[in-house]
Chemist: 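Quick one: the structure is below, and I'll ask about it shortly.
Proteins come first, then strands; the chains are lettered A, B, ... in the order of their sequence lines, and each starts at number 1. Hydrogens, waters and symmetry mates are skipped; everything else that's a heavy atom, side chains included, is used. Please read these numbers as outputs of a predicted model, since none were measured by experiment.
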Amino acid sequence: MKIATWNINGIKARIDNLRQWMSDFQPDILCLQEIKSVDEAFPRLELEALGYHVETHGQKGFNGVAILSRQKPEDVIRDLPGEDEDEQARFIEASFSVPSGVVRVASIYLPNGNPADDPVKYPYKLRWMERLRRHAESRLLLEEPLVLAGDYNVIPEPHDCYDPAAWATDALFLPRTRAAFRAIENLGLTDAVRATTDATKLYTFWDYQAGAWQKNNGIRIDHLLLSPEASDRLLSTSIEKQVRAWEKPSDHVPVVGYFDFEKR
DNA sequence: ATGGTCGTAGGACGA
């Protein structure tokens, strides 16, 4: 089973790229971020025509997440618990039947947090990360395969970044950001890409500006975090880097985990 | 080389 995450940076501008990649790659479950669309304007019919169920959590203009799946999802949840006043659409979660039981998958768009000295934005990012940590803690009690997939806006380690010095004061790489990410991992979650390769200079995002793609000035900020039950069934991962060279690309590329959820 | 790129929406802002 192929479970993928992709920040598409606007569904309206990316629908052709999205359909092309889905037709080529045939993901079983695809988590999207930054759909930048209200639910009513999301091109549901075009994606259903490819054979996918569509669950969205959109908002006007910014943010917005979705889960596309071959199978019909169950237990769809549309908000990260812990802050009732939060109106930003950054979280959707669903569960799916598999031969060995169930797999639960979340599509996460973690706040960017810049500028890091902003009195609102960076504290919101840290609060959101603590809410995610608590939610993950509660989900881990279920002892089920769990895949927390998305744009974390976190560069975990210096080698996940082309120039660590250039990112030293950025909200994606500050020590407090990295510590909050480790606190989530330290619950017992596995970074799927790191678990399946020793390669360095693996990136999932290249800025549109300053020829970042051409110079390979990238960062690794899109992650699949796995519960032990999901990690046990992980076979390999793929970063679909070729997609960044297509016409009208997103600044992020898909990240994929391959799993075996057949019975033992 | 002191700028530079996108997307949404239809202006200003987020990344």
Chemist: Categorize Tyr109(A) for me: base, sugar-phosphate, or nothing, with a 4.0 angstrom heavy-atom threshold over every strand shown.
Modeler: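 Contact class for Tyr109(A): sugar-phosphate only.
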
Chemist: Are the charged groups of Glu130(A) and Arg127(A) less than 4.0 angstrom apart, N to O?
Modeler: no

Chemist: Work out how far the C1' atom of dG4(B) is from that of dA15(B), and round it to whole angstrom.
Modeler: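 The same atom, C1', in both gives a distance of 15 Å.
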
Chemist: Working note: Asp151(A) + Gln33(A), criterion side chain to side chain donor-acceptor pair (under 3.5 Å); need CA distance, chi angles, decisive distance, verdict.
Modeler: CA-CA 7 Å; Asp151(A) 176 0; Gln33(A) 300 86 39; over 6 Å; no

Chemist: For Arg78(A), is there an ion pair with Glu55(A) - N to carboxylate O distance below 4.0 angstrom?
Modeler: yes

Chemist: Please work out if Arg90(A) contacts a base, only the sugar-phosphate, or nothing of the nucleic acid, heavy-atom cut-off 4.0 Å.
Modeler: sugar-phosphate

Chemist: Tell me what Ile8(A) touches on the nucleic acid: a base, only sugar-phosphate, or nothing, going by heavy atoms under 4.0 Å.
Modeler: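 If one applies the 4.0 Å heavy-atom cut-off, Ile8(A) turns out to touch nothing in the nucleic acid.
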
Chemist: Measuring only the C1' atom in each nucleotide, how far is dG11(B) from dG7(B)? A whole number of Å is fine.
Modeler: 13 Å

Chemist: Within a strict 4.5 Å, meaning less than it, do heavy atoms of the Asp207(A) and Asn217(A) side chains meet?
Modeler: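 Sidechains of Asn217(A) and Asp207(A): no contact.
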
Chemist: Among Phe205(A), Trp21(A), Phe25(A), which one satisfies ring pair (Phe, Tyr, Trp, His ring centres under 6.0 Å) with Trp6(A)?
Modeler: Trp21(A)

Chemist: Does NZ or CZ of Arg70(A) lie under 6.0 Å from the centre of the six-membered ring of Tyr52(A), at an angle within 45° of the ring axis?
Modeler: yes

Chemist: Could you give the distance separating dG14(B) and dA9(B) at their C1' atoms, to the nearest angstrom?
Modeler: 13 Å

Chemist: Is it the case that Tyr152(A) and Asp191(A) place a side-chain donor and acceptor less than 3.5 Å from each other?
Modeler: no

Chemist: Among residues 161-176 of chain A, which contact DNA chain B at a heavy-atom distance under 4.0 Å?
Modeler: none

Chemist: Can you check the distance between dT2(B) and dC13(B), where both ends of the measurement are the C1' atom (answer in whole Å)?
Modeler: 23 Å

Chemist: Assess whether salt bridge (Lys or Arg N to Asp or Glu O under 4.0 Å) is satisfied between Asp86(A) and Arg131(A), documenting all intermediate values.
Modeler: CA-CA 11 Å; Asp86(A) 186 0; Arg131(A) 288 164 60 195; 2.8 Å; yes

Chemist: Can you pull every protein N or O that's under 3.5 Å from an N or O on nucleotides 9-12 of chain B?
Modeler:
{"unit_1": "dA9(B)", "atom_1": "OP2", "unit_2": "Lys12(A)", "atom_2": "NZ", "d": "3.1"}

Chemist: Can you figure out which of dG4(B), dA15(B), dT8(B) approaches the side chain of Ala13(A) most closely?
Modeler: dT8(B)

